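Reckoned from all heavy atoms, side chains included, excluding hydrogens, waters and symmetry mates. None of the values given here were measured: they were computed from a predicted structure.
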Amino acid sequence: MSTASALASPPTTAPRRTRLGEILVRGGAITEEQLQHALTEQPHLKLALGKVLIRLSYVTDDQIRQALSTQLNIPYIDLDKIAIDTSLSRIITRSYARRHSVVPIARVGRSLTVAMDDPTAQAVVHELTMLTGSAITVVTASTKAIQRTFARLYGTSADSASAGAGPAVAAPPTPRPAVPIARPTTTTTLPDEAASGRGDELFYAVLREAIAHQTSDIHLEMLPSGLHIRYRVDGVLRRPNLGPLQRHLDKSAREVISRVKILSKLDIAERRRPQDGSFQAVVERNGRGITVDLRVSCVPSYSGESVVIRILDRSRAPRSLDDLDLSPVVTERLQNLLKRTTGIFLVTGPTGSGKSTTLYSCLLRLHRPEIRILTAEDPVEYVYEELSQSEVNDAIGNTFATFLRAFLRHDPEVIMVGEIRDEETAEMAFRAAQTGHFLLSTLHTNSAVAALPRLLDLDIESSLIASSLVGVMSQRLVRKICPDCVEPFTPPADQVREFFTRVPDNVHFVHGRGCEACGGSGYRGRMIVADLWVPDEEDAMLITREAPFDEIRRSTERTTFSMAQDANDRLMAGRTTLEELLRVLPYTAVAEHRLRFSAS
């Protein structure tokens, strides 16, 4: 009986590949006349030569397999004589094994041996390599033997498994399954007609396109007319032109949604309640696989289900404050603020305004070997080797407050809490700041100074806020004008009136006319426009004596670099447009800009 170690040893590569027909003739399996006849029939049958020979009854399947083994220099294995470890079924799932006629038969270290019905299918070998993180060794056997081994491994026959609803990809040795995604291209890859009804093939095509266009979110909506798909690029939803692929998606809308739910380990039978899940994809870039995290949210709707997939690309995670493209004034003030060793720094703004990205950049700025940095996040969006990161899980009691309480016993210098959303977390955060820690977190407010009433609503004492709060930054993400198609532009009069009572003479408006590089939008990439409030002693005194909020707000005008100022600087530099600022900025910032920066 063959051993796993022997099977895991890769064979020696043959210097030259002999034709299959030559091998069969040389071995006496067929005659030269039979070979020529098969070659004549092959164009009409449109089959591989081996299948043509089998159909003509010139050879048996076993003879073809043994000839392929010689041609490809791979072992031909009698699978019926090999003991199969059933735990291998967790490496390659049943539906994937059935669809590609492949079964895992041995694993030693990082080497995985698989028996393939078609050992020439290099695309499958490549997928399995990226998917499992193992070196794949291919062997072959007869079709019947592979089917019998499938039954031994998965507890059912390959034919009866065709109706199974299990995941059609191999599961990696990580908590979340990974999907092998081919190198992104600029054109939509349409599945062939035979595969067009499969939800997995269709979903892969959609995902490839999304990654190629640097999409942050994929929106899948079930409508009476079919599957409505939109990509969020630079914060704006776009309807991609999927061509013929859209027709297949409309026909197989439920299969696509089910596929996403299976990958995310959600209950595919549950269509009445919202569900959240996640999985990973492996994207090939520059010849190597890069893992991309995908966060999935599924909610029921009138016409079916609606799914949003957030794409988190680790390779594009921020590494420094310079990556944020902040204005020079904000960068300088923020760097000075991060020199503090105690207190609380808050980043505020609506969902999707880049708060977490800013916090990560600040943490990397603070990092040095002699300090300990702990984070509690919901969820962990990017993984950094420099940080000790924990993920909140309310279902088992791992809340922000629970982690904060535990962190204080781990002697950290810096703590990051994903969000202060309740009284207990707020109390623990300020207690940590009072006991010699520097804490960073987020709030949902429209401006920097609006963090003050929000903290008071969370029952934090005003004196504690005054002594602990070292700074608040409120931010928005605005799209940058595409540098490849920028040109002078006269904006509509109503947009100008929103920002100026009278336009200053030094203003020269520009926009992007739209080009291939920006997908016709005129914008490429985003940057932060921010309020940054660093309280001084006078601000702290007003907060401590609980002065009226209007009085505090007037005082903070001295200590705040305003979003209106930041927006004006970006506009004057020709980096964004009035239309984009009106779309993103809160009304208070627009009104302040109109008052401060109009010509007298």
Side-chain angles (χ1 to χ4, degrees), residues 232-238 324-330 347-355 358 444-451 453 472-483 485-515 518-533 549-550 553-554 556-558 560-600:
R232 189 176 293 280
V233 181
D234 291 335
V236 177
L237 285 173
R238 299 181 186 175
L324 297 180
D325 197 14
L326 297 167
S327 67
V329 175
V330 174
V347 180
T348 77
T351 300
S353 58
K355 300 186 297 297
T358 297
H444 287 283
T445 64
N446 284 327
S447 65
V449 71
V472 184
M473 187 167 87
S474 178
Q475 64 180 56
R476 301 293 189 277
L477 290 174
V478 300
R479 291 181 292 175
K480 297 184 287 189
I481 296 174
C482 175
C485 61
V486 61
E487 64 179 13
F489 172 68
T490 301
D494 58 336
Q495 291 181 8
V496 175
R497 285 194 297 270
E498 286 286 335
F499 269 83
F500 301 97
T501 55
R502 180 166 174 259
V503 181
D505 295 335
N506 62 338
V507 176
H508 302 285
F509 297 112
V510 294
H511 81 154
R513 66 177 179 275
C515 63
C518 61
S521 67
Y523 299 96
R524 196 166 81 217
R526 290 190 290 177
M527 60 187 173
I528 292 175
V529 175
D531 269 332
L532 181 57
W533 171 38
F549 180 67
D550 285 344
R553 182 170 49 78
R554 286 193 296 271
T556 62
E557 291 177 358
R558 300 175 299 98
T560 300
F561 179 77
S562 71
M563 191 174 292
Q565 177 69 63
D566 201 359
N568 186 73
D569 292 347
R570 304 295 182 135
L571 190 64
M572 296 300 106
R575 300 201 64 196
T576 192
T577 64
L578 287 177
E579 178 184 26
E580 179 65 5
L581 291 173
L582 280 172
R583 185 184 71 86
V584 174
L585 296 188
Y587 176 76
T588 53
V590 175
E592 181 184 349
H593 184 278
R594 186 168 58 245
L595 291 174
R596 290 182 57 186
F597 298 102
S598 296
S600 56

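- Note on residues 566-578: pairs passing salt bridge (Lys or Arg N to Asp or Glu O under 4.0 Å), not counting sequence neighbours, are D325-R575, D566-R570.
- Side-chain contact between P491 and E579 is absent, with no heavy-atom pair separated by less than 4.5 Å.
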request  = Please step through salt bridge (charged side-chain N to carboxylate O under 4.0 Å, His left out) for the pair D494 and R497, ending with a clear verdict.
outcome  = CA-CA 5 Å; D494 58 336; R497 285 194 297 270; 5.6 Å; no
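- Side chains of R479 and S521: a donor-acceptor N/O pair is absent below 3.5 angstrom, by distance only.
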query = Between H593 and F500, is a side chain to side chain contact (heavy atoms under 4.5 Å, CB included) present by the stated rule, with each step listed?
reply = CA-CA 8 Å; H593 184 278; F500 301 97; 3.6 Å; yes
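- Side-chain N or O atoms of H444 include none that pairs as donor or acceptor with a backbone N or O of P350 at under 3.5 Å.
- For T577 and Y523, the side-chain atoms include at least one donor-acceptor pair closer than 3.5 Å.
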query = Can V472 and V449 be said to form a side chain to side chain contact (heavy atoms under 4.5 Å, CB included), step by step?
reply = CA-CA 7 Å; V472 184; V449 71; over 6 Å; no
task = Assess whether salt bridge (charged side-chain N to carboxylate O under 4.0 Å, His left out) is satisfied between R583 and E580, documenting all intermediate values.
result = CA-CA 5 Å; R583 185 184 71 86; E580 179 65 5; 2.7 Å; yes
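- In this structure, C482 and C515 approach most closely via the heavy-atom pair SG-SG, 3.7 Å.
- Closest approach of S353 to Q475, counting heavy atoms only: O-NE2, 2.7 Å.
- The aromatic rings of F489 and H511 sit parallel, their planes meeting at an angle under 30°, below the 60° perpendicular limit.
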